[in-house]
Chemist: 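The structure follows.
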Amino acid sequence: MVYENPDGVRIGLEVHVQLNKLNTKLFCGCSTKYHDSEPNTHVCPVCLGLPGSLPVINEKAVEYAIKIGLALNCSIVEQTQFHRKNYYYPDLPKGFQTTQYDFPIAGEGKIIIEGEDGEHVVGITRAHMEEDPGRLQHMGSIDKSKGTLINYNRSGMTLIEIVSEPDMRSPKEARRYLDKLRSILDYLDVFDGDLEGAMRVDANVSVHWGDRVEVKNISSFKGAERALLYEIMRQKNHIRRGGEITMETRHFDEARGVTISMRTKEEEHDYRYFPEPDLVPLRVADRVPKVRETLPELPDAKRERFMEQYGLGETHARALTTEIKVANFFEEVAEKVDPKDAAVWVSDILKGELNYRELSIDAFTVEDIVAVVELVTGNKVTEQSGVEIIRTVLDDGGKPQDIVEKKGLLKVEDDIVATAVEEAIAENPEAVADYLGGKEKSLNFIVGKVMQKTKGRADAREAREKVLAKLKE
Amino acid sequence: MATWTDISGIRQKIADSSAEEITASYIETIGKSKINGFTTLSEEAINVAREIDANGHGGPLAGVPIAIKENISTKGLSTTCSSKILQGYVPPYDAHVIEKLKAAGAVILGKTNMDEFAMGTSTESSYYGPTFNPWDMDRVPGGSSGGSAAVVAAGEVPVSLGSDTGGSVRCPAAYCGVVGLKPTYGCISRYGLISYANSLEQIGPLATNVADIATIMDVVAGYDNRDSTSINRENTYSDALKDDVKGMKIGVPEEYFGEGIDEKVEKAVWDSIAKFEDMGATYEKVSMPHTKYALASYYIIAMSEASSNLARFDGTRYGYRVDGDNWHVMASKTRAEGFGDEVKRRILLGTYALSAGYHDKYYLKALKVRTLVKQDFDKALANVDVLMGPTMPAPAFKIGEKIDDPLSLYLADVNTVPINLAGVPSISVPCGLADGMPVGLQIIGKHFDENTIIKAAYSFEQNTDHHTRRPPEVA
């Protein structure tokens with residue numbers, strides 16, 4: 001099946017990733033761990049843009065950028081260079097942003113996503129390095145603010161801007177792209193995506209192969225999907241009413257879920273780019289082989305390997321490889337128990353319980369899940385009890401063995417079930433007659449009686465089979 | 001009373017009396033100054049001197065007074081670039097060169113006047129008013145490091161630091177009859193130097209003699225990991241203080257004696273070259289055909305960089321501020337009131353040169369010309385050891401004479417800007433008088449070959465007495 005893309009939707013994304021796992025900022029030695037600090041405590045003459053200060057490139061940031069470029073299948077430029085993007089804004093202490101222009105560190109690449117019609121390739125145009133500005137804090141709402149405070153703690157943080165081709169054909173594909181990108185970046189261990197402002201998205205979107213509109217100020221992946229759905233609908237409606245879409249920049253109002261025009265093409269800034277004289281061109285080609293060696297197995301490769309090595313289906317393999325932590329967790333579990341059981345218990349059950357509680361895989365130990373799987377596969381407890389053990393560990397703590405004992409979850413012996421079945425049949429002749437007369441529902445009644453007698457410790461499916469077998473005798 | 005003692009003389013005097021006494025005597029001289037060379041005096045200077053007396057100091061400049069241009073950051077000491085927009089700005093950190101000077105025991109007496117943001121050739125555009133040339137109070141001291149040159153010429157301090165973007169050390173050195181060095185680009189860290197045109201400028205020393213220049217260079221030059229354009233290269237500049245130019249090959253660019261050159265300047269320079277011949281050097285004329293385009297290229301590049309460098313002065317974080325209803329109004333008003341006319345002119349021209357549609361025509365073309373100018377130097381210096389010519393085509397002009405004619409002011413830089421475009425080192429030494437005003441001889445060297453031009457300048461000094469002449473007004 002080929003996706004028809006009936007509205008001729010084209011979406012391109014510009015994603016700003018803050019490399020907050022670096023120890024220091026892009027051009028100075030200030031610490032990047034400012035997220036819980038007082039305003040303006042992680043600053044120095046360089047990131048405050050004080051007169052006379054000069055930037056010095058963070059070599060580790062260059063390494064991270066190369067790593068990201070390689071992971072996105074990009075070509076890495078021989079020699080990269082920084083430019084100044086000139087514009088005035090109070091969060092920009094130098095009156096220009098140091099960024100990259102015609103020699104971005106990474107050139108064309110690609111990301112493969114699960115598209116509307118199966119595997120879909122999204123082209124990467126480029127990935128370049130730049131510095132983050134500070135943050136404005138309005139005293140009150142933006143219109144009625146009595147004043148604005150500026151926090152420069154963020155100023156000078158390393159950003160990688162990853163620009164895609166307009167290859168996505170629906171908001172869903174855009175979301176998949178963002179998820180995949182985040183997954184890859186997680187694998188590279190270059191950023192902590194949970195920190196505020198770690199990933200920021202601008203979107204370019206057009207319908208019916210028309211002019212593109214840029215949507216800014218998208219602060220979450222969910223927000224991206226909503227903004228795109230709204231913007232596509234707006235453009236379609238506008239065209240249906242006889243209007244024409246022209247190039248403009250719009251602002252996403254997250255609270256109202258709408259996009260608002262900021263400026264038209266004529267009002268676009270002239271950024272007067274020119275090479276940053278304080279930073280000499282940087283040869284990066286020589287560093288590539290060494291960085292390539294540090295590249296981990298990436299999600300696509302890991303998924304393939306899980307299917308091959310553990311005999312998993314694609315769904316399980318995909319679910320288990322999205323997050324590197326989950327993948328590693330799974331592999332540890334798979335060493336101890338049957339990998340297929342491990343996949344079911346980690347991917348289908350444990351991850352569900354964790355998501356429900358908004359917890360990460362760190363909230364559970366390999367040892368505990370192995371214990372649960374062994375209890376279930378060893379026929380010691382029922383599947384249902386297995387789930388209950390997991391829930392109890394998450395909610396109240398404790399070890400699986402203790403929980404089994406405390407809650408009396410050990411599966412009852414077969415003969416007890418057999419006795420219960422015999423008794424239930426003997427004590428309920430009417431129900432038996434009804435069932436044999438064709439009333440299917442009466443079977444449930446008898447099985448319920450068996451469960452009552454065993455105080456729920458019997459496996460319901462097993463009990464049902466045994467009742468059936470007995471009735472057929 | 002002005003004394004014009006060199007560094008070794010001062011160190012002797014300190015040994016005989018005290019650093020405190022020496023510092024106090026210079027402060028006293030400055031107190032009587034009529035030239036308006038200093039903008040701010042350091043209240044700490046005398047304490048620093050006392051400290052050195054009390055505890056001793058083994059540094060090469062222990063107790064030696066020095067003056068610093070207004071655009072070099074000094075912790076706790078006003079650094080305004082002689083601009084209203086930086087009124088009240090006191091840096092929280094020291095420039096690399098200041099750290100080095102302090103470590104060497106130098107006593108920073110104060111800050112010196114300059115053209116606003118180093119944009120000028122006369123030190124007339126300063127927010128603090130013009131500095132006067134000690135040789136003739138009606139004349140400019142040159143610029144933009146006019147204060148740094150004038151205070152040395154007037155005996156108010158033995159040595160000073162300036163900065164040279166297109167001749168800003170060499171021009172005032174020539175006009176005031178002192179020695180000034182523009183080192184190779186990358187030789188001295190620019191960390192803490194408030195940028196005018198980053199790709200062109202270097203900090204440079206000014207003194208009454210070549211030996212003091214070498215002594216200061218030994219202290220301030222060298223690698224600094226906070227300046228990405230700083231080069232890691234060891235050198236001892238005072239090793240070059242030898243009277244020996246035998247066999248030295250001098251190139252004399254014809255283009256440096258072009259239209260508008262003062263006859264007496266021309267004669268003083270040719271007499272100097274003849275002197276070098278007497279001393280055992282040889283000379284040949286060389287051609288540097290792209291010199292005539294250098295000025296245009298220089299101004300476009302400098303103004304383009306400046307338009308971006310000066311964007312940070314918006315009244316938000318430090319310096320002068322005019323309040324407004326919103327940030328954009330505040331920033332606009334602050335800049336309208338805070339910058340002088342010449343600075344605004346250069347910001348506007350630089351903004352224009354970088355704008356879409358003009359970028360290729362001006363900025364890119366200027367970069368291409370810069371490459372050609374560099375090639376001129378590479379070719380010329382392939383066959384000779386040094387190049388020589390007049391630093392300035394004419395002696396110091398009258399105050400107010402050119403201030404309303406920016407183009408003629410720009411033209412005065414014709415022999416100094418090509419050196420900054422190429423990044424090579426150049427020293428200006430006194431080589432005579434023209435109608436009672438000093439003339440500077442410019443000696444240009446190969447990249448990082450400061451020692452050859454220092455040797456040539458030192459030898460010239462040993463065999464002539466131009467550097468011993470003092471301005472009549474203060475002598």
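First the proteins, then the strands, lettered A, B, ... as listed; each starts at 1. Remember, predicted model here, so these are calculated numbers, not experimental data. Side-chain atoms are counted along with the backbone in the values below, which use heavy atoms only and exclude waters and symmetry mates.
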Chemist: How about CG on B:Asp325, more than 12 heavy atoms from neighbouring residues, nucleotides or ligands closer than 6.0 Å, or not?
Modeler: no
Chemist: Please classify the contact of B:Thr351 with chain A as side chain, backbone, both or neither, using a heavy-atom distance under 4.5 Å.
Modeler: both
Chemist: Could you look at A:Ile150 and say if it's the side chain, the backbone, both or neither that has a heavy atom under 4.5 Å from chain B?
Modeler: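 The answer is the side chain of A:Ile150.
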Chemist: Pick from B:Asp227, B:Thr229, B:Asp224: which one makes a side chain to side chain contact (heavy atoms under 4.5 Å, CB included) with A:Leu54?
Modeler: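 Answer after filtering B:Asp227, B:Thr229, B:Asp224: B:Asp227.
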Chemist: Crowded around B:Lys75 NZ? As in, over 12 foreign heavy atoms under 6.0 Å?
Modeler: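 12 or below, so no.
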Chemist: Can you pull out every ring pair (Phe, Tyr, Trp, His ring centres under 6.0 Å) where at least one residue sits in residues 306-327 of chain B? Sequence neighbours excluded, please.
Modeler: B:Tyr89-B:Tyr318, B:Phe117-B:Phe313
Chemist: Is it the side chain or the backbone of B:Ser73 that comes within 4.5 Å of chain A heavy atoms, both, or neither?
Modeler: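 Contact with chain A is through the side chain of B:Ser73 alone.
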Chemist: Around atom CZ of A:Arg250, are there more than 12 heavy atoms from other residues, nucleotides or ligands closer than 6.0 Å?
Modeler: yes
Chemist: Listed by residue number, which members of residues 87-99 of chain A have a heavy atom under 4.5 Å from any heavy atom of chain B?
Modeler: A:Tyr88, A:Tyr89, A:Pro90, A:Leu92, A:Pro93, A:Lys94, A:Gly95, A:Phe96
Chemist: Check the surroundings of atom NZ in B:Lys365: do more than 12 heavy atoms from other residues, nucleotides or ligands lie under 6.0 Å from it?
Modeler: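 It does not: B:Lys365 NZ has 12 such atoms or fewer within range.
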Chemist: Evaluate the side-chain proximity of B:His359 to A:Asp270: yes if any heavy-atom separation is below 4.5 Å, no if none is.
Modeler: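 Answer no - side chains too far apart.
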Chemist: Could you measure the distance from the OG atom of B:Ser308 to the NE2 atom of A:His83? Nearest 0.5 Å is fine.
Modeler: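 If I round to the nearest 0.5 Å, the distance is 11.5 Å.
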Chemist: What do you reckon, is CD of A:Glu59 surrounded by more than 12 foreign heavy atoms closer than 6.0 Å?
Modeler: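 Counting neighbours around CD of A:Glu59, more than 12 heavy atoms of other residues, nucleotides or ligands fall under 6.0 Å, so yes.
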Chemist: Assess whether atom CD of B:Gln87 is packed by more than 12 heavy atoms of other residues, nucleotides or ligands within 6.0 Å.
Modeler: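 Yes, because the 6.0 Å sphere around CD of B:Gln87 holds more than 12 heavy atoms from other groups.
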Chemist: Determine the minimum heavy-atom distance between B:Ser307 and A:Arg272, stating which atoms define it.
Modeler: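 For B:Ser307 and A:Arg272, the tightest heavy-atom pair comes out as OG-NH1, 4.1 Å.
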Chemist: Looking at A:Leu279, A:Leu50, A:Val280, which makes the most heavy-atom pairs under 4.5 Å with chain B?
Modeler: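 Greatest number of close heavy-atom pairs with chain B: A:Leu50.
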Chemist: Heavy-atom distance under 4.5 Å to chain A: side chain of B:Tyr191, backbone, both or neither?
Modeler: both
Chemist: Any idea which heavy atoms bring A:Arg84 and B:Glu305 closest together, and the distance?
Modeler: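 For A:Arg84 versus B:Glu305, the nearest heavy atoms are NH1-O, 4.1 Å.
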Chemist: May I ask you to check whether over 12 heavy atoms, not counting those of B:Tyr358, lie within 6.0 Å of atom OH?
Modeler: no
Chemist: Going by the rule salt bridge (charged side-chain N to carboxylate O under 4.0 Å, His left out), which residues pair with B:Arg312 if we only count those two or more places apart in sequence or in a different chain?
Modeler: none
Chemist: Tell me, side chain or backbone of B:Tyr185 under 4.5 Å from chain A's heavy atoms, or both, or neither?
Modeler: side chain
Chemist: Do you know which of B:Leu310, B:Leu367, B:Asn198, B:Thr316 has the most heavy-atom pairs under 4.5 Å to chain A?
Modeler: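 Looking at each of B:Leu310, B:Leu367, B:Asn198, B:Thr316 in turn, B:Asn198 comes out on top.
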Chemist: Starting at CG of A:Asp278, measure out to CZ of B:Arg190 and round the result to the nearest 0.5 Å.
Modeler: 4.5 Å
Chemist: Tell me, side chain or backbone of B:Ala95 under 4.5 Å from chain A's heavy atoms, or both, or neither?
Modeler: neither
Chemist: Working to the nearest 0.5 angstrom, can you tell me the gap between A:Ser53 OG and B:Leu193 CG?
Modeler: 11.5 Å
Chemist: Does any backbone or side-chain atom of B:Asn225 lie under 4.5 Å from a heavy atom of chain A? Answer side chain, backbone, both or neither.
Modeler: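 Only the backbone of B:Asn225 comes within 4.5 Å of chain A.
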Chemist: Check this for me: A:Gln79, atom CD, are more than 12 non-hydrogen atoms of other residues, nucleotides or ligands nearer than 6.0 Å?
Modeler: yes
Chemist: Can you see which heavy atom on A:Pro45 is nearest to which on B:Tyr93, and at what distance?
Modeler: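 Taking A:Pro45 first and B:Tyr93 second, the nearest heavy atoms are CG-CD2, 3.7 Å.
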Chemist: Under 4.5 Å, counting heavy-atom pairs only, tell me which of B:Gly192, B:Ser304, B:Ser189, B:Ser199 racks up the most with chain A.
Modeler: B:Gly192
Chemist: Which one, B:Asn309, B:Ile72, B:Asp314, leads in non-hydrogen pairs under 4.5 Å with chain A?
Modeler: B:Asn309
Chemist: Could you list which of residues 32-40 of chain A have a heavy atom closer than 4.5 Å to any heavy atom of chain B, in residue-number order?
Modeler: none
